[in-house]
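One-based numbering, in listed order, for ligands and for the atoms of each.
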Amino acid sequence: MLDYGGINVEKLIITGPTPLKGEVNISGAKNAAVAILPATLLINGFCRIENLPNISDVKLYCQILELLGAKVTWHTPNDITVDTTNINNKADIYEITRKFRASYYLIGALLGRCGEVQVGLPGGCNLGARPIDLHIKGFEALGATTSIIQGNIKAVANKLVGTSIYLDIASVGATINIMLASVLAEGTTIIDNAAKEPHIVDVANFLNTMGADIRGAGTDVIKIHGVKELKGNSSYSIVPDQIEAGTFMLAAIATRGDIVIKNCITKHLESVTAKIIEIGGNVDANGDKLRVWYDKRPSKATIKTLPYPGFPTDLQPQMGVVLSTADGTSIINEGIWESRFQYTNELNKMGARITAQGKSAFFEGVDFLVGAPVYVTDLRAGAALIIAGISAEGVTEVYNLEHIDRGYENIEEKFRKIGANIKRVVE
Ligand code: EPZ
């Protein structure tokens, strides 16, 4: 038993190996939800959000909205109404916003709605340097002044005026944040070299449903024609989580299983489908369902993570588990984050043979993984270690579950339903 100074520690106990079999339902997208919730602050009225994932990041965001004066009504854990008629942008949200990365969307949203905002500099998963210089460049181009005060970032604007903004990197966060700041700006804003991830389209669709005029989301040029007001009074259902669906696809291959993944947008998963087929696996896309199966050892692969529609960085650790037992030596090049191979140390404790150097890792495929106590370092590493535990011989104990609970709804329940021997216990 671990000694954490008397604090109760939750862990997952997984006994494997189990080939996963059955059907799993995909929840709403975490990375869309954590942008749509702050986007509600632009509405002078209420909106209803459905298919909201029941995860801790969403609960935290709802708390922040309430601190800012919004009224959040829970119809079910996945369906809320947010009334943002009265907003107090001066509320003290500094500590709470430091807790997670996606709090940076409050800057764009409150700047757009109130012309002034101060939030804690964003925290979040430890994936190396995570600057927000491109967000700031965008706000300043629209007419805001920004400053850093005692660990907080402050942005002020008398008036935001649309302009052309070129992003040096197709940043997801900067694209959404500039979109939020410019929805109520005067004139037209053009974001060039915009990111194209599915959740960017979802945020634009949400804002348009509420009264915005955004065109081109999903391409690399987005045009935002400023409108006077977002009236809301409408409902919106969040897009299915591309990364959760990809996690189960890779779990099927890693465990030599056969899973039907329901309620997903198969087009969003084409890069993952292509890689699974390349390493020998089977994928059958049918409407909003994907069947993924393979009962053999996958072959080796070379993978580079890239912005959408490339192979997603958020599925890199889960793919790393698959390649740990592939036939031959695979290479993954991480194209987005500086430091996203911390999970490989944990997989090596389970018998994997992975050498990570900077942004590349070499996976010398072993016959099988063996259960061990492992520690989650970030959200997707957590999903990867669960998959590793289900595919490994013997017992795996997974610690630091708070990372996983931030972004996966009922993850152990979903895995249990498709056959995994997994339980959460408190030490
Ligand atoms: C989003 O992070 C996601 N988070 C991440 O999800 C995901 O890994 C990432 O996009 C890439 O797809 C949310 O949506 C909340 P970026 P974000 O701005 O927006 C550099 C998960 O597990 N950059 O697209 O922070 C940056 O350092 C996670 O769900 C700048 O240099 O990512 C990185 O190298 C974790 N300056 C690259 O761009 C900036 O101002 C892409 O980052 C902004 C980014």
Side-chain angles (χ1 to χ4, degrees), residues 27-39 53 55-58 60-61 97 99-108 121-141 146 153 165-181 191 193-203 220 238-239 241-247 268 271 304-319 333-340 342-343 358-359 376-384 403-409 411:
S27 300
K30 168 212 164 227
N31 285 341
V34 297
I36 286 174
L37 288 170
I55 54 176
S56 67
D57 265 8
V58 160
L60 197 59
Y61 233 127
T97 47
K99 290 188 184 163
F100 71 131
R101 177 84 182 157
S103 60
Y104 54 34
Y105 291 134
L106 291 165
I107 311 173
L121 278 168
C125 283
N126 176 18
L127 310 173
R130 298 188 72 178
I132 56 165
D133 54 308
L134 297 172
H135 305 228
I136 291 172
K137 178 178 144 180
F139 301 141
E140 293 192 340
T146 62
I153 174 158
I165 298 164
Y166 177 83
L167 295 180
D168 304 324
I169 301 172
S171 153
V172 171
T175 302
I176 293 178
N177 231 342
I178 295 168
M179 212 155 76
L180 295 175
I191 308 175
N193 196 29
K196 295 182 277 203
E197 270 66 6
H199 42 290
I200 288 167
V201 180
D202 209 43
V203 178
D220 49 19
I238 291 183
V239 70
D241 197 313
Q242 168 210 12
I243 302 301
E244 190 196 11
T247 298
H268 293 167
S271 62
K304 182 168 172 68
T305 65
L306 289 167
Y308 186 82
F311 191 92
T313 174
D314 294 345
L315 290 173
Q316 186 262 98
Q318 300 88 316
M319 189 59 165
N333 291 305
E334 171 56 46
I336 309 293
W337 298 115
E338 246 174 32
S339 168
R340 208 172 199 174
Q342 295 173 57
Y343 71 95
K359 292 174 90 175
V376 175
T377 49
D378 64 83
L379 171 61
R380 307 305 171 184
H403 292 291
I404 303 174
D405 295 337
R406 281 188 40 226
Y408 284 94
E409 174 169 331
I411 191 163

Student: What do you reckon, does Ala174 have a nitrogen or oxygen under 3.5 Å from a nitrogen or oxygen of ligand 1?
Tutor: no
Student: For Tyr104 and His135, take the angle between the two ring planes, folded into 0 to 90°, and tell me which bin it lands in: parallel under 30, tilted 30 to 60, perpendicular over 60.
Tutor: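 Tilted.
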Student: Thinking salt bridges, do Arg406 and Asp378 make one under a 4.0 Å N-O criterion?
Tutor: no
Student: Heavy atoms, side chains only, cut-off 4.5 Å: are Leu167 and Ile178 in contact?
Tutor: yes
Student: Do Thr377 and His403 make a side-chain contact, defined as non-hydrogen atoms from C-beta onward lying under 4.5 Å apart?
Tutor: no
Student: Need the ligand 1 atom indices (1-based, order shown) with element for anything under 4.0 Å from a heavy-atom of Arg101.
Tutor: 25 (O)
Student: Counting only heavy atoms, which portion of Trp337 has something under 4.0 Å from ligand 1: side chain, backbone, both, or neither?
Tutor: side chain
Student: Short question: side chain of Lys30, backbone of Glu409 - any donor-acceptor pair under 3.5 Å?
Tutor: no
Student: Go through ligand 1 atom by atom and flag the ones less than 4.0 Å from a non-hydrogen atom of Arg340.
Tutor: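 Selected atoms, number and element: 8 (O), 22 (O), 35 (C).
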Student: For ligand 1, which atoms have a heavy atom of Lys30 less than 4.0 angstrom away?
Tutor: 21 (C), 29 (O)
Student: For ligand 1 and Leu379, I'd like to know whether there is a polar contact (N/O to N/O, distance under 3.5 Å).
Tutor: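 Not met; the criterion fails.
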Student: Please confirm whether Ile169 comes within less than 3.5 Å of ligand 1 when only nitrogen or oxygen atoms on both sides are compared.
Tutor: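 Between Ile169 and ligand 1, no N or O pair is found under 3.5 Å apart.
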Student: Below 4.0 Å from ligand 1: does a non-hydrogen atom of Pro131 turn up there or not?
Tutor: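 It does, in that a heavy atom of Pro131 comes within the 4.0 Å cut-off of ligand 1.
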Student: Near Gly173, which atoms of ligand 1 are under 4.0 Å from a heavy atom of that residue?
Tutor: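 This gives 18 (O), 19 (O) as the contact atoms.
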Student: Identify which of Asp57, Leu134, Asp168 has a heavy atom lying nearest to atom 40 (O) of ligand 1.
Tutor: Leu134
Student: Counting each atom of ligand 1 from 1 as listed, which ones have a heavy atom of Ile132 under 4.0 Å away?
Tutor: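 The atoms of ligand 1 under 4.0 Å from a heavy atom of Ile132 are 39 (C), 40 (O).
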Student: Counting only N and O atoms by type, is there a donor-acceptor contact under 3.5 Å from the side chain of Asn177 to the main-chain atoms of Gly108?
Tutor: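 Looks like yes, one N/O pair under 3.5 Å.
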Student: Any non-hydrogen side-chain atom of Asp202 less than 4.5 Å from a side-chain atom of Glu197?
Tutor: no
Student: Given side chains that start at C-beta, do those of Ile107 and Ile153 come closer than 4.5 Å, heavy atoms only?
Tutor: yes
Student: Side chain or backbone of Asp314 under 4.0 Å from ligand 1, or both, or neither, by non-hydrogen atoms?
Tutor: side chain
Student: Can you find a heavy atom in the side chain of Ile200 that is under 4.5 Å from one in the side chain of Tyr308?
Tutor: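 They are not in contact (no side-chain heavy atoms under 4.5 Å apart), so the answer is no.
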Student: Near Asn31, which atoms of ligand 1 are under 4.0 Å from a heavy atom of that residue?
Tutor: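 Listed by number with element, the hits are 3 (C), 4 (N), 6 (O), 13 (C), 14 (O), 15 (C), 29 (O).
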Student: Counting heavy atoms only, which part of Asp378 comes closer than 4.0 Å to ligand 1: side chain, backbone, both or neither?
Tutor: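 The answer is neither.
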Student: Looking at Gln316, Lys359, Arg340, which one forms a side-chain hydrogen bond (donor to acceptor under 3.5 Å, both in side chains) with Glu334?
Tutor: Gln316
Student: If we ignore hydrogens and angles and just use 3.5 Å, is the side chain of Tyr61 paired with the main-chain N or O of Ala102 as donor and acceptor?
Tutor: yes
Student: Is it the case that ligand 1 has an N or O less than 3.5 angstrom from some N or O of Val172?
Tutor: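 Yes; at least one N/O pair falls below 3.5 Å.
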Student: Does some non-hydrogen atom of Tyr104 fall short of 4.0 Å from ligand 1?
Tutor: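 Contact check Tyr104 vs ligand 1: positive.
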Student: Check this for me - ligand 1, Thr313, N or O atoms closer than 3.5 angstrom, yes or no?
Tutor: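 Such a contact does not occur with ligand 1.
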